[in-house]
Amino acid sequence: MNANAGALPEINVEEFQKVVRSRRSVRRFLSEPVPPQVLADCLELATLAPNSSNLQPWEFYVVQTPELKARLAEACLGQNAARTAPVLIAIVARTDTWRRHARLALEHWPEATLPPIVDKYYRKIAPIHYNQGPFGVLGAAKKAAGLVLGLARPVPRGPYSPAEMNVWATKSTALAAQNLMLALRAHGYDSCPMEGFDEYRVKKLLGIPRRGLVTMVVAAGRRAENGVYNQQYRFDQDQLVHYL
Ligand SMILES: Cc1cc2nc3c(=O)[nH]c(=O)nc-3n(C[C@H](O)[C@H](O)[C@H](O)COP(=O)(O)O)c2cc1C
């Protein structure tokens, strides 16, 4: 099968701009629920985010039942967005699923023949690259080897520690969170990403595994009239964008 066989759809950039420009962090929601099919579509679109080595190091914990949601809102420090949203989604980065997901990547390969390079990557390279060993000793050894080899040629500089694995998993997971929020907007719903929460309590409440990192809790729902607190603003591009 030719992976490029499907014709690219016509895209109206103005519709995309509308989605991106009308997304705001909404702090007050109407009580109207998000329909299950909308939620399911947004979650599927979230998982279409680009992610490192297609190892999909994320999980989504969707909370809608009033009692659990109220307790989760409390763990989100009682923020208005969390208290008023009909749905709260804890988006979790996992540093400990890559081994299983490397196997899944092989099992789910969507074409009839598995290219040898893909087989080699998930069977041999990934297990070396992502394994940091007990107490991170393997990572430290790989880093040292990289420092020496890197004198002569470009080499990967990580992830070479448990902390770097946290960054590794969080990068991909944050992209999924953004896809989710844009998808909600495209469906006419809104969101608020939150890092203002008590991670210990959120994990305990939702039964999130010890090594899971709660990247964000996303509040989702229909925006209330007074849901946006201020006009959107950003700093000047010339300070932040560097054309080299
Ligand atoms: C990682 C992250 C954490 C955030 N945490 C919170 C939060 O805890 N509470 C909140 O009200 N907004 C939170 N926000 C929303 C930001 O305040 C908001 O994105 C920013 O002020 C820009 O506004 P806009 O999203 O409407 O463009 C967070 C955003 C991000 C990306």
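It should be emphasised that the depicted structure is a prediction, and the values quoted were computed from it without experimental measurement. Whatever order the structure lists them in is the order used to number ligands and atoms, beginning at 1.
A donor-acceptor distance shorter than 3.5 angstrom exists from the side chain of Q132 to the backbone of P159, with no hydrogens or angles considered. Between the side chain of T215 and the main chain of A174, no donor-acceptor pair closer than 3.5 Å is present. In this structure a side-chain-to-backbone donor-acceptor pair under 3.5 Å is missing from K120 to I125. Between the side chain of K143 and the backbone N or O of S161, no donor-acceptor pair lies under 3.5 Å.
Contacts of E195 with ligand 1, taken as heavy-atom pairs under 4.0 Å, involve both backbone and side chain. In C192, the part holding a heavy atom less than 4.0 Å from any atom of ligand 1 is the side chain. The residue Q231 has no part lying near ligand 1, judged by heavy-atom distances below 4.0 Å.
The heavy atom nearest to atom 11 (O) of ligand 1, considering only R23, R21, R27, is found in R27. In the candidate list R234, R24, Q232, R234 is nearest to atom 22 (C) of ligand 1, counting heavy atoms.
Among all non-hydrogen protein atoms, the one lying nearest atom 15 (C) of ligand 1 is S25 OG, 3.4 Å. Ranking protein heavy atoms by distance to atom 8 (O) of ligand 1, first place goes to G196 N, 2.9 Å. The protein heavy atom nearest to atom 31 (C) of ligand 1 is P193 CG, 4.2 Å. Nearest protein heavy-atom neighbour of atom 9 (N) of ligand 1: Q79 OE1, 2.7 Å.
Using modelled atom types and a 3.5 Å distance limit, the side chains of Y233 and Q231 yield no donor-acceptor pair. If you check the side chains of Q56 and N54, you find a donor sitting under 3.5 Å from an acceptor.
For atom 28 (C) of ligand 1, the protein comes within 4.0 Å by at least one heavy atom.
In terms of polar-atom proximity, M216 is not counted as a contact of ligand 1, lacking any N or O under 3.5 Å from an N or O of the ligand.
Ring geometry for W98 versus Y130: interplanar angle of 30 to 60°, hence tilted.
Ion pair E74/R71 not flagged as a salt bridge, since none of the NZ, NE, NH1 or NH2 atoms sits closer than 4.0 Å to an Asp/Glu carboxylate oxygen.
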